[in-house]
Amino acid sequence: MAGSKTYYLTTPIYYVNDVPHIGHAYTTLACDVLARFKRLDGFDVKFLTGTDEHGQKVEKSAQAAGIAPQAFTDKVSQNFRDLVGVMNYSNDDFIRTTEPRHVASVQALWTKLLDAGEIYLGSYAGWYSVRDEAFYGEDELTTTPTGKKIAPTGAECEWVEEPSYFFRLSAWQERLLEFYDKNPDFILPPGKRNEVISFVKSGLKDLSVSRTTFKWGIPVPGDDAHIMYVWLDALTNYITAVGYPDTTGEYAEYWPADLHMVGKDILRFHAVYWPAFLMAAGLQPPKRVFAHGWWTIEGQKMSKSLGNVIAPEQLVTTYGLDQTRYFLLREVPFGNDGDFSHAAMVQRINGNLANDYGNLVQRVLSMINKNCGAQVPQPGPFTEADNRLLGAAHALLPVVRAEIDVQAFHKVLDAIWAVVGDANRYVDEQAPWALKKTDPPRMGTVLYVLAETIRHLAILTQPVMPAASAKILDQLGQGEKVRGFGNLGPAGALTGGTPLPAPQGVFPRFVEEPKA
RNA sequence: GGCAGCGUAGCUCAGUGGUAGAGCAGGGGAAUCAUAAUCCCUUGGUCGGGGGUUCAAAUCCCUCCGCUGCUACCA
């Protein structure tokens, strides 16, 4: 596979000040599924995630904790590194913005932008609230009778000016619009693309890209009074991880990234600032930014004050890992907001997983185990019904591949489940339990067709449910070397006579605990 | 306020000019290989209100109502 098609995808780097919740888990999960899919489909994949560790909030939190910022981030970034294990992510790298490789990369990018005349020293002026430590726009403020300016938070603001470096974002308006126009799939979903375009069309101002009010960040080369704006720092991680400023090696291989997956709240940074920074530095912008939606919990916004923030570990413990992964990607059209509810989760687990898929596997493998000497049966000639079911299974890959390429995970699963339904109907129509008495060879053929269909299903569900799919493939006697998409289709078909282990349930029903 | 989008069966949604759809939930039946799982049939909607264009509108236009998103420097 060396030198073959590559696929580079990234999650945002998560702000270490946050505690990982279902939203973080969701973003990385989507990437994990894409990464696993592309690997199985023969791509040379690089899947990156990491943590954003600079900024004023981190500095303050560290202070409050009475430890140095670096020690603080070492500690809290562990929460996100632990999430990798909890959710069974397959990332190839985990970047931290406090790593030397990243500092070097950001400073190199800065220098490049400065040399290109894209960054200049000016001064940033605005209404600043000392209490909130934030600037406010003129239109956000109310004026008291005595002429004082009051922020929405009620804090008094004062006019301050401080030196700041600016990025000439205003100069990139037209080139960005042209870029969006020439790359209609750069921003997905399409509704979000329209928002970005209308934002850019409304006019861009130069962007303040340095700060002097706090210290925890990457110093501006040659001017230690300034540290870099967190987004310039953070976004650059995507090229740091492929070796920038070295543009040979991995950079040449993987850049531009195929996909930046982001939550809708940070779309602008990725779809406006980032391509502008890159183009200004003479580098290629990424191929796509996908902005996904947010989860509500039982119909309510997730918030600390409501106390309904769900930790990923909690979901995994309660419902199971692959069940959780399945639910998050099946329940909601990817890109939309969605609601997480216990009832919906149980519905998915028991309906789709236990009853439809799990029971299909169980009923077929049990019959084979009991009636075919625990071996893959030897098939006879295929009937039209046999070929129809096998044909549906064979036809899945191109469909699923097309949906994956537009991040339509729900449609991927819909398509796979359509074949699960076909297979269950086929079992009932063929009634192998009756054939057992009337036509045992035909029973063998029917069970073979089913086993072969299940092989396809399990290979294709691997990206979403790696562990459960592996269990099914184990039970079909399919070793790890024959689980790639290259083995789909008749060429990789099961061989009659292959001994099979005793079947075990893969997706147990979710049974409610009796209320104490 | 401006711009954009949405409002279709009890629930979640698909359907963008040609006889109203899916999944789940509800009702009835079949089967008994299987995790009491499966399969078949079925109830249910004047497609937010009103007006217009058209032989024909959920689909196009106007208007009203309701909801949502975006409207830059905390990330």
Side-chain angles (χ1 to χ4, degrees), chain A residues 12-18 52 54-58 60 124 126 132-137 139 164 166-167 169-170 189-211 229-234 263-269 272-273 291 293-294 330-333 336-339 341 343-344 346-371 410-411 414 417-418 420-421 423-436 443 446-447 450 503-511:
Chain A
I13 45 174
Y14 302 112
Y15 203 54
V16 285
N17 226 31
D18 296 333
D52 178 9
H54 290 130
Q56 190 167 24
K57 282 186 188 173
V58 170
K60 287 183 63 180
Y124 185 71
D132 300 342
E133 295 181 338
F135 282 94
Y136 291 96
D139 52 351
S164 171
F166 284 85
F167 172 72
L169 186 63
S170 60
K192 292 284 184 290
R193 166 188 153 86
N194 294 338
E195 287 180 7
V196 169
I197 289 175
S198 76
F199 170 75
V200 173
K201 276 187 177 162
S202 76
L204 295 177
K205 290 189 276 190
D206 287 352
L207 187 68
S208 166
V209 288
S210 74
R211 297 288 186 272
Y229 173 50
V230 272
W231 275 106
L232 180 56
D233 171 350
K264 61 181 183 179
D265 52 325
I266 55 172
L267 175 59
R268 180 194 305 146
F269 303 98
V272 181
Y273 302 168
W294 284 1
R330 176 69 187 269
E331 182 66 7
V332 176
N336 291 7
D337 288 347
D339 182 53
S341 73
V346 171
Q347 175 82 268
R348 290 292 180 189
I349 290 174
N350 289 347
N352 297 165
L353 296 180
N355 297 353
D356 294 344
Y357 188 23
N359 184 53
L360 170 69
V361 173
Q362 183 77 356
R363 68 199 299 210
V364 170
L365 292 178
S366 289
M367 280 189 276
I368 289 176
N369 189 253
K370 289 177 189 163
N371 304 311
H410 60 295
K411 289 187 181 172
D414 278 346
W417 255 255
V420 170
N424 270 320
R425 274 183 289 279
Y426 173 90
V427 178
D428 280 56
E429 284 159 13
Q430 300 298 322
W433 52 90
L435 294 169
K436 178 181 172 183
M443 175 195 73
V446 166
L447 293 177
L450 284 164
Q504 315 175 333
V506 174
F507 297 111
R509 291 179 62 77
F510 185 93
V511 181

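Note that the structure is a prediction, hence the values are computed from the model and not measured. Proteins get letters first, then strands, A, B, ... in listed order; numbering begins at 1 in each. Just so it is clear, the values below take in all heavy atoms, side chains as well, and ignore hydrogens, waters and symmetry mates.
- Per the geometry, CG belonging to A:D337 stands 10 Å off P belonging to B:rC70, to the nearest Å.
- When heavy atoms are screened at a 4.0 angstrom cut-off, A:Y229 is found touching the sugar-phosphate backbone but no base atom.
- The partner of B:rA34, taking Watson-Crick or G-U wobble pairs whose two distances both stay under 3.5 Å, does not exist in any strand shown.
- If you check every strand for non-hydrogen atoms under 4.0 Å, A:L169 touches a base.
- A:S208 comes within 4.0 angstrom of a base, heavy atoms only.
- Using atom C1' as the reference point in both B:rA31 and B:rA37, the two lie 12 Å apart (nearest Å).
- Within the nucleic acid shown, A:G203 comes within 4.0 Å of at least one base atom, counting heavy atoms only.
- Contact annotation for A:Y15: backbone-only contact, meaning every heavy-atom pair under 4.0 Å involves sugar-phosphate atoms and none involves a base.
- Using the Watson-Crick or G-U wobble rule with both distances under 3.5 Å, B:rG7 pairs with B:rC65.
- Heavy atoms of A:Q347 sit under 4.0 angstrom from primed sugar atoms or phosphate atoms, though from no base atom.
- At least one side-chain nitrogen or oxygen of A:K370 sits closer than 4.0 Å to the OP1 or OP2 atom of B:rA34.
- Separation of the P atoms belonging to B:rA58 and B:rG48 is 10 Å when rounded to the nearest angstrom.
- When heavy atoms are screened at a 4.0 angstrom cut-off, A:G358 is found touching base atoms of the nucleic acid.
- There is no side-chain donor-acceptor pair under 3.5 Å between A:N17 and A:K57.
- Using a 4.5 Å heavy-atom cutoff, the side chains of A:D265 and A:W294 are in contact.
- Partner assigned to B:rG45 is none, using Watson-Crick or G-U wobble distances below 3.5 angstrom.
- We find that CD1 of A:I349 is positioned 15 Å from P of B:rA37, with the value rounded to whole Å.
- In this structure the side chain of A:R363 never reaches within 4.5 angstrom of the side chain of A:L450, judged on heavy atoms.
- A:N355 contributes no side-chain N or O that forms a donor-acceptor pair with the base of B:rA37 under 3.5 Å.
- Across all strands shown, B:rG21 is found opposite B:rC13 as a Watson-Crick or G-U wobble partner, with both distances under 3.5 Å.
- Heavy-atom nearest nucleotides on RNA chain B were determined for A:G191 and for A:D265, and the one closer to the 5' end corresponds to A:G191.
- The nearest whole Å value for the distance from the NZ atom in A:K201 to the P atom in B:rC3 is 14 Å.
- Taking only side-chain atoms of A:N424, from C-beta outward, the nucleotide of B:rC73, B:rU38, B:rA75 with the closest atom is B:rU38.
- When the C1' atom is used for both B:rU8 and B:rA14, the distance is 10 Å, rounded to whole Å.
- Among the atoms of the strands shown, none is found under 4.0 Å from any heavy atom of A:N350.
- Across all strands, A:V209 comes closer than 4.0 Å to no nucleic acid atom at all (heavy-atom distances).
- Between B:rC40 and B:rA56, the two P atoms lie 39 Å apart (nearest whole Å).
- Of the listed nucleotides (B:rU38, B:rU32, B:rC70), B:rU32 has the atom at the smallest distance from the side chain of A:W433.
- When distances are taken from the side chain of A:R211 to each of B:rC73, B:rU32, B:rA75, the shortest belongs to B:rC73.
- Within the 4.5 Å cutoff, the side chain of A:Y229 has no heavy atoms near those of the A:S210 side chain.
- Among the nucleotides B:rA75, B:rU35, B:rC70, the one closest to the side chain of A:W231 is B:rA75.
- Partner assigned to B:rA58 is none, using Watson-Crick or G-U wobble distances below 3.5 angstrom.
- Between A:L353 and A:F510 there is no side-chain heavy-atom pair separated by less than 4.5 Å.
- When the nucleotides B:rA75, B:rC33, B:rC39 are ranked by their closest atom to the side chain of A:R425, B:rC39 comes out on top.
- Separating the P atom of B:rG50 from that of B:rA9 is a span of 16 Å, rounded to the nearest Å.
- For B:rA37, the OP1/OP2 oxygens have a side-chain nitrogen or oxygen of A:R509 closer than 4.0 Å.
- Under the 4.5 Å side-chain criterion, counting only non-hydrogen atoms from C-beta, A:L232 is not in contact with A:Y273.
- At a threshold of 4.0 angstrom between heavy atoms, the contacts of A:I266 with the nucleic acid are absent.
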